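Quick notes on the structure that follows.
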Amino acid sequence: MDLTFDTKLAVNYRSPSQIIRVLSEAWVKDNGYCPNCSVQPLSEFANNQPVADFYCTNCHEQYELKSKKAKLSNVINDGAYDTMIERINSNNNPSFFFLTYSKTFTINNFLIIPKHFFKPDMIVKRKPLSLTAKRAGWVGCNIDLRQVPKSGKVFLVKNQQVIPRNNVTQQFQQTLFLREQSIESRGWTLDVMKCVDKLPERFTLAQVYSFSDVLQSIYINNNNVHAKIRQQLQILRDKGMIEFLGRGNYRKLN
């Protein structure tokens, strides 16, 4: 995988946004692959496609690309808030590629967040544009990556190091079970996964219970948070993400 942009492709462009769009899309087309089935190359949608930028001809996964000249940050700018919320709640929303690059046009990070890790509370509404703006009243959004569990950040390139393709596809496929869940059930699983992320490699049920107040504040209509936590830990155990050691003790896997 070549970690540099081919800057010759943008010699006829002047707009910084157009330049990086051309360079980043060309790089993904030449170097990217499908994290789900490993097929390479990805195919491009026609320009101005409202849903996604790339798709896999083998498994039909769809991907949207976001690029940024900086270190990978916790908050990513996105488009219209209402559109993003509608896409999250639909069945054909794409997964997101995030690409960060240096001022010398080399790739720092390239990762995917699979679509089943997106839920409404990670989409942050921005203030409407002022009345003097061309699109007065338009409301954009930010994507809060802090709301994504570690298993939902699948790196293809991390800190300029290429991750083995088998590792990428394994991590991507391990969480596909989330797509089989309802939006509410998936929310519970994701939130418990985030709680587990904050614990050491070996942890106890009592330590997960310590997040009960936080989970109760999210799911105010649930009257038995402890039972729900145990249910989610069983799901994570059955899917090979944690191991039950007995007597309320667990260990993280992978």
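Start at 1 with the first residue, then count along the sequence. Just so it is clear, the structure is predicted and the values come from calculations on it, not from any experiment. Below, each value reflects all heavy atoms present in this structure, side chains not excepted, and no hydrogens, waters or symmetry copies.
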Which atom names give the shortest non-hydrogen contact between [X] and [Y], and what distance separates them?
X	Y	result
Leu145	Ser73	CD1-O, 3.6 Å
Arg126	Val139	O-CG1, 3.3 Å
Glu44	Lys29	OE1-CD, 3.3 Å
His116	Arg186	O-CD, 3.1 Å
Thr189	Phe177	CG2-CE1, 4.3 Å
Asn222	Gln216	O-NE2, 2.9 Å

Using side-chain heavy atoms (C-beta onward) and a distance below 4.5 Å, is [X] in contact with [Y]?
X	Y	value
Leu215	Ile229	yes
Leu190	Leu178	yes
Phe118	Ile113	yes
Cys56	Cys37	yes
Ile112	Phe172	yes
Leu3	Thr106	no
Ile88	Ile123	yes

As a quick check of understanding, evaluate salt bridge (Lys or Arg N to Asp or Glu O under 4.0 Å) for Asp191 and Lys119, giving each step before the final call. CA-CA 10 Å; Asp191 286 326; Lys119 57 194 188 82; 3.1 Å; yes
Output, in order, the C-alpha distance, side-chain angles, deciding distance and verdict of ring pair (Phe, Tyr, Trp, His ring centres under 6.0 Å) for Phe54 and Phe97. CA-CA 10 Å; Phe54 298 93; Phe97 278 132; 7.0 Å; no
If Ile, Leu, Val, Met, Phe, Trp and Tyr residues are connected whenever their side-chain heavy atoms lie under 4.5 Å apart, and connections chain through other members, are Leu199 and Leu245 in the same group?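 Hydrophobic grouping puts Leu199 apart from Leu245.
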Does the ring centre of Trp27 sit less than 6.0 Å away from the ring centre of Tyr101?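 Ring-ring flag for Tyr101/Trp27: false, centres at least 6.0 Å apart.
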Would you check if there is a donor-acceptor pair between the side chains of Gln161 and Lys158 at a distance under 3.5 Å?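 Gln161 and Lys158 do not have a side-chain donor-acceptor pair below 3.5 Å.
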Distance-only donor-acceptor check, side chains Gln171 and Ser151, under 3.5 Å: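 No donor-acceptor contact under 3.5 Å links the two side chains.
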Parallel, tilted or perpendicular, as decided by the 30° and 60° cut-offs, for the rings of His226 and Tyr209: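 Parallel.
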Parallel under 30°, tilted from 30 to 60°, perpendicular over 60°: which one fits the rings of Trp188 and Tyr219?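 Ring orientation of Trp188 relative to Tyr219: parallel.
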For Asn109 and Thr100, run side-chain hydrogen bond (donor to acceptor under 3.5 Å, both in side chains): C-alpha distance rounded to whole Å, both residues' side-chain angles, the deciding distance at 0.1 Å, then the answer. CA-CA 5 Å; Asn109 295 284; Thr100 65; 3.3 Å; yes
Just verifying a value: how many Å separate Asn108 CG and Leu99 CG, rounded to the nearest 0.5 Å?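 That separation rounds to 9.0 Å.
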For the residue pair Arg202 and Tyr250, would you count it as a cation-pi contact if the rule is NZ or CZ under 6.0 angstrom from the ring centre and within 45 degrees of the ring axis?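 The answer is no; the distance or angle limit is not met.
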Hey, does the Lys NZ or Arg CZ of Lys125 hover above the aromatic six-ring of Tyr81, less than 6.0 Å from the centre and inside 45° of the axis?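 Yes, Lys125 and Tyr81 form such a contact.
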Identify every side-chain donor-acceptor pair in residues 233-240 under 3.5 Å, counting partners at least two apart or on other chains, and give the distances.
none

Check whether Asn249 reaches the backbone of Thr204 with its side chain - one donor and one acceptor, N or O, closer than 3.5 Å.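 Not confirmed, Asn249 side chain does not pair with Thr204 backbone.
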